[in-house]
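Have a look at the structure below before the remarks.
Naming: A, B, ... by sequence-line order, numbering from 1 per chain. Given the structure is predicted, the values throughout are model-derived calculations rather than measurements.
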There are 2 protein chains.
Amino acid sequence: MLDAIDETIVQALAGNARMSLKELAHHVGLSSPSVSERLRRLEERDVIRGYTLDVNPKALGYQFQAIVRIRPLPGQLQAVQKLIEATPEFCECDKVTGEDCFVARLFLQSLEQLDGILDRIASKAETNTSIVKAQTIRRRLPPFPAE
Amino acid sequence: MLDAIDETIVQALAGNARMSLKELAHHVGLSSPSVSERLRRLEERDVIRGYTLDVNPKALGYQFQAIVRIRPLPGQLQAVQKLIEATPEFCECDKVTGEDCFVARLFLQSLEQLDGILDRIASKAETNTSIVKAQTIRRRLPPFPAE
DNA sequence: AGTGAAAAACGATATAT
DNA sequence: ATATATCGTTTTTCACT
């Protein structure tokens with residue numbers, strides 16, 4: 001699917017998405033127009049979806065994070081999903097199989113804020129909240145499977 | 001903590017981390033040297049931790065994701081954490097309060113792969129796996145709290 | 001902190017292999 | 001699919017506010 005050069009490019013950009021074409025080119029041993037073309041194709045093929053930031057939540061005033069499992073009450077699934085999406089402190093949310101319907105990540109400034117957010121959900125869903133004590137793995141690329 | 005201009009810069013880069021200084025500068029109404037200096041300081045202050053990629057897991061051959069809650073057996077906490085870290089398909093892992101000790105995200109090519117990975121953990125921990133059916137919220141910046 | 005102007009580095013494009 | 005050469009643009013540096 002991806003050749004070794006594409007993999008190196010993706011890995012390098014995952015480490016620093018602002019790396020210049022020139023530096024990338026040097027890194028993989030090609031010319032910059034070649035790398036530019038490869039990048040264009042990686043985007044076109046939707047391998048690279050976008051270039052984004054790793055922001056420190058603490059620097060924005062978020063003191064901690066929580067993982068919340070959410071099980072909507074009967075008939076409330078749509079309403080709960082809308083409420084989650086409309087609550088900007090939910091920064092990640094997956095709809096999953098099993099008893100819990102959603103698993104979401106909350107950014108929080110205080111326990112009071114957590115309480116306020118959960119209160120608004122309480123009438124529509126059961127929730128189960130775990131406070132994040134440490135981030136053992138903080139977002140990483142999976143391996144490139146041999147194909 | 002951050003002034004309005006820094007916020008605009010961070011938001012713009014969260015949308016496209018490869019945006020040029022010139023475009024950023026135009027966007028916030030400053031000159032490029034000013035934006036360059038602000039960026040330098042945002043990095044120095046550890047507000048911006050890095051510039052990274054949004055990669056499409058499917059394009060790498062990962063057919064689905066799973067959220068796994070992991071509860072180490074007595075005395076196995078360290079061993080379990082090491083095992084998780086050493087398994088590259090775990091792309092995210094938080095250590096949390098509550099009965100489950102870890103909540104992790106797995107990238108998977110097949111159900112067989114899931115089975116293999118869970119088998120290796122089974123002797124050291126109880127696991128509870130939810131397959132991701134949809135990503136309701138796919139990583140977003142929290143709001144900038146007024147301070 | 002911020003600017004504007006010059007110098008240096010970079011990226012886009014055209015052409016060729 | 002890649003490289004080299006050219007050219008317009010962007011980034012950096014620096015003197016100044």
Side-chain angles (χ1 to χ4, degrees), chain A residues 1-62 109 141-147, chain B residues 1-62 109 141-147:
Chain A
M1 225 158 177
L2 300 190
D3 67 16
I5 292 178
D6 284 337
E7 288 183 13
T8 312
I9 291 173
V10 169
Q11 246 156 357
L13 286 173
N16 173 19
R18 281 182 79 76
M19 187 177 286
S20 72
L21 287 181
K22 209 180 184 190
E23 199 178 343
L24 273 174
H26 183 256
H27 199 246
V28 301
L30 291 179
S31 64
S32 12
S34 300
V35 173
S36 175
E37 175 63 12
R38 273 172 181 270
L39 256 190
R40 198 192 58 70
R41 299 210 40 183
L42 286 167
E43 292 166 13
E44 185 186 65
R45 291 158 62 197
D46 196 38
V47 176
I48 294 179
R49 281 193 172 140
Y51 306 91
T52 177
L53 272 191
D54 187 2
V55 173
N56 182 355
K58 285 236 171 73
L60 302 185
Y62 291 96
Q109 295 168 267
L141 267 191
F144 297 96
E147 274 168 302
Chain B
M1 226 156 177
L2 301 189
D3 68 16
I5 291 178
D6 285 337
E7 288 184 14
T8 311
I9 290 173
V10 170
Q11 246 158 357
L13 285 173
N16 174 17
R18 279 182 81 76
M19 188 177 286
S20 71
L21 289 179
K22 203 191 182 194
E23 199 179 343
L24 276 173
H26 182 254
H27 200 244
V28 301
L30 290 179
S31 64
S32 358
S34 300
V35 172
S36 176
E37 174 63 12
R38 273 173 180 266
L39 260 190
R40 199 193 58 70
R41 299 210 40 183
L42 285 167
E43 292 164 14
E44 186 187 63
R45 291 159 62 197
D46 196 40
V47 177
I48 294 178
R49 283 192 172 140
Y51 307 91
T52 176
L53 273 191
D54 186 4
V55 174
N56 182 354
K58 285 234 171 77
L60 301 186
Y62 290 96
Q109 295 167 267
L141 265 193
F144 296 96
E147 275 167 299

Just grab all the salt bridge (Lys or Arg N to Asp or Glu O under 4.0 Å) pairs involving residues 16-39 of chain B, residues at least two apart or on different chains. B:D3-B:R38, B:D6-B:R38, B:E37-B:R40
Estimate the overall bend of the helix from C:dA1-D:dT17 to C:dT17-D:dA1 from the end axes over five pairs each, rounded to 10 degrees. 40°
Polar atom pairs (N or O), protein with nucleotides 1-5 of chain D, under 3.5 Å:
| unit_1 | atom_1 | unit_2 | atom_2 | d |
| --- | --- | --- | --- | --- |
| D:dA1 | OP2 | A:R41 | NH1 | 3.1 |
| D:dT2 | OP1 | A:R38 | NE | 3.4 |
| D:dT2 | OP1 | A:R38 | NH2 | 2.6 |
| D:dT2 | OP2 | A:R38 | NE | 3.4 |
| D:dA3 | OP2 | A:S31 | N | 2.8 |
| D:dA3 | OP2 | A:S31 | OG | 2.9 |
| D:dA3 | OP2 | A:S34 | OG | 2.8 |

Heavy-atom closest contact (B:Q109 atom, B:G61 atom, distance): CG-O, 3.3 Å
Can you name the closest pair of heavy atoms from A:A17 and B:T52 and give their distance? CB-O, 3.3 Å
Output for pair (A:L13 CG, A:L24 CG), nearest 0.5 Å, gives 4.5 Å
Sorted by chain and number, sequence neighbours left out, side-chain contact (heavy atoms from CB on, under 4.5 Å) with A:D46 holds for A:R49, B:N56
Residue pair B:R45 / B:M1: nearest heavy atoms and the distance that separates them: NH2-O, 2.8 Å
Would you say the side chain of A:F144 lies within less than 4.5 Å of the side chain of A:Q11, judging by non-hydrogen atoms? yes
Mind listing the N/O atom pairs, protein and nucleotides 15-17 of chain D, below 3.5 Å?
none

Give the table of side-chain donor-acceptor pairs shorter than 3.5 Å for residues 26-35 of chain B, with sequence neighbours excluded, one pair per line with atom names and distance.
| unit_1 | atom_1 | unit_2 | atom_2 | d |
| --- | --- | --- | --- | --- |
| B:S31 | OG | B:S34 | OG | 3.0 |

Distance (rounded to the nearest 0.5 Å) between A:L42 CG and A:L2 CG: 6.5 Å
Report yes if the side chains of B:L60 and A:V10 come closer than 4.5 Å at any heavy-atom pair, otherwise no. no
With sequence neighbours excluded, tell me which residues meet side chain to side chain donor-acceptor pair (under 3.5 Å) with B:E43. B:Y51
Residues touching DNA chain D, which here means a heavy atom under 4.0 Å, drawn from residues 10-28 of chain A: none
For B:Y62, give me all partners under ring pair (Phe, Tyr, Trp, His ring centres under 6.0 Å), at least two apart in sequence or on another chain. B:F107
